[in-house]
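Take a look at the structure below.
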Amino acid sequence: MINIKKDTNTFYIGEQDKKDAEIHYVPTGKDKIIVDHTFVSDSLRGQGVGEALVKRIVEFAREEGKKIIPTCSFVKGKIERNKNYHDVLAK
């Protein structure tokens, strides 16, 4: 089980001052967030961590009633390829 923590505009794995992986977003307007950055350290690559972070940001968007504008190419690809995430993709 991956322990994903929340900080200001970020979900991350690791410690607040030493993140091993993170996904960052910027609130825009009252109903959208721009997901602009994803990082996974070399030590966690290939373990599904990036995908878990995308899943968490999608859950967060649903909880908050927000749509995602993915400017991060990794996030954009994951959301576009997973039909279950299309409900939170900004049109």
Side-chain angles (χ1 to χ4, degrees):
M1 180 72 189
I2 299 171
N3 183 21
I4 299 175
K5 303 170 188 166
K6 183 167 182 353
D7 198 4
T8 306
N9 297 347
T10 305
F11 289 96
Y12 68 96
I13 295 166
E15 299 306 316
Q16 193 171 24
D17 58 343
K18 187 186 177 305
K19 296 177 174 105
D20 295 317
E22 72 177 336
I23 190 164
H24 181 265
Y25 65 93
V26 178
T28 182
K30 56 183 168 183
D31 64 346
K32 292 185 178 82
I33 56 174
I34 297 169
V35 180
D36 62 350
H37 173 73
T38 307
F39 164 77
V40 176
S41 67
D42 289 340
S43 65
L44 293 178
R45 293 228 169 132
Q47 299 177 40
V49 171
E51 203 148 330
L53 289 169
V54 172
K55 181 180 179 188
R56 182 63 189 100
I57 200 83
V58 166
E59 290 168 354
F60 171 76
R62 287 177 179 146
E63 290 162 7
E64 299 293 318
K66 310 265 187 203
K67 297 287 185 183
I68 294 174
I69 301 168
T71 60
C72 168
S73 59
F74 177 79
V75 175
K76 182 175 175 145
K78 290 292 181 188
I79 289 176
E80 287 178 352
R81 285 191 295 272
N82 188 332
K83 291 186 191 268
N84 293 328
Y85 294 166
H86 288 188
D87 62 306
V88 296
L89 184 60
K91 305 282 185 230

>> Quick check: closest heavy atoms across K66 and K30, and the distance to 0.1 Å?
In response: NZ-O, 2.8 Å
> With a cutoff of under 4.5 Å between side-chain heavy atoms, which Ile, Leu, Val, Met, Phe, Trp and Tyr residues group with Y85?
Replying inline: I2, I4, F11, I13, I23, Y25, I33, V35, V40, L44, V49, L53, V54, I57, V58, F60, I68, F74, V75, I79, V88, L89
> Counting only N and O atoms by type, is there a donor-acceptor contact under 3.5 Å from the side chain of Q16 to the main-chain atoms of Y12?
Replying inline: no
>> Does anything in residues 8-17 form a salt bridge (charged side-chain N to carboxylate O under 4.0 Å, His left out)? List the pairs, not counting sequence neighbours.
In response: K5-E15
> To the nearest 0.5 Å, how far apart are CG in N9 and CD in E22?
Replying inline: 11.0 Å
> Is a side-chain N or O of H86 found less than 3.5 angstrom from the main chain of E80, in a donor-acceptor match?
Replying inline: yes
> For K76, does the NZ atom have more than 12 heavy-atom neighbours from other residues, nucleotides or ligands under 6.0 Å away?
Replying inline: no
> Who passes side-chain contact (heavy atoms from CB on, under 4.5 Å) against T71, sequence neighbours left out?
Replying inline: I34, D36, I69
> Going from CD on E64 to NZ on K32, what distance comes out if it is rounded to the nearest 0.5 angstrom?
Replying inline: 15.5 Å
>> Keeping K67 on the side-chain end and D87 on the backbone end, is there a donor-acceptor pair under 3.5 Å?
In response: yes
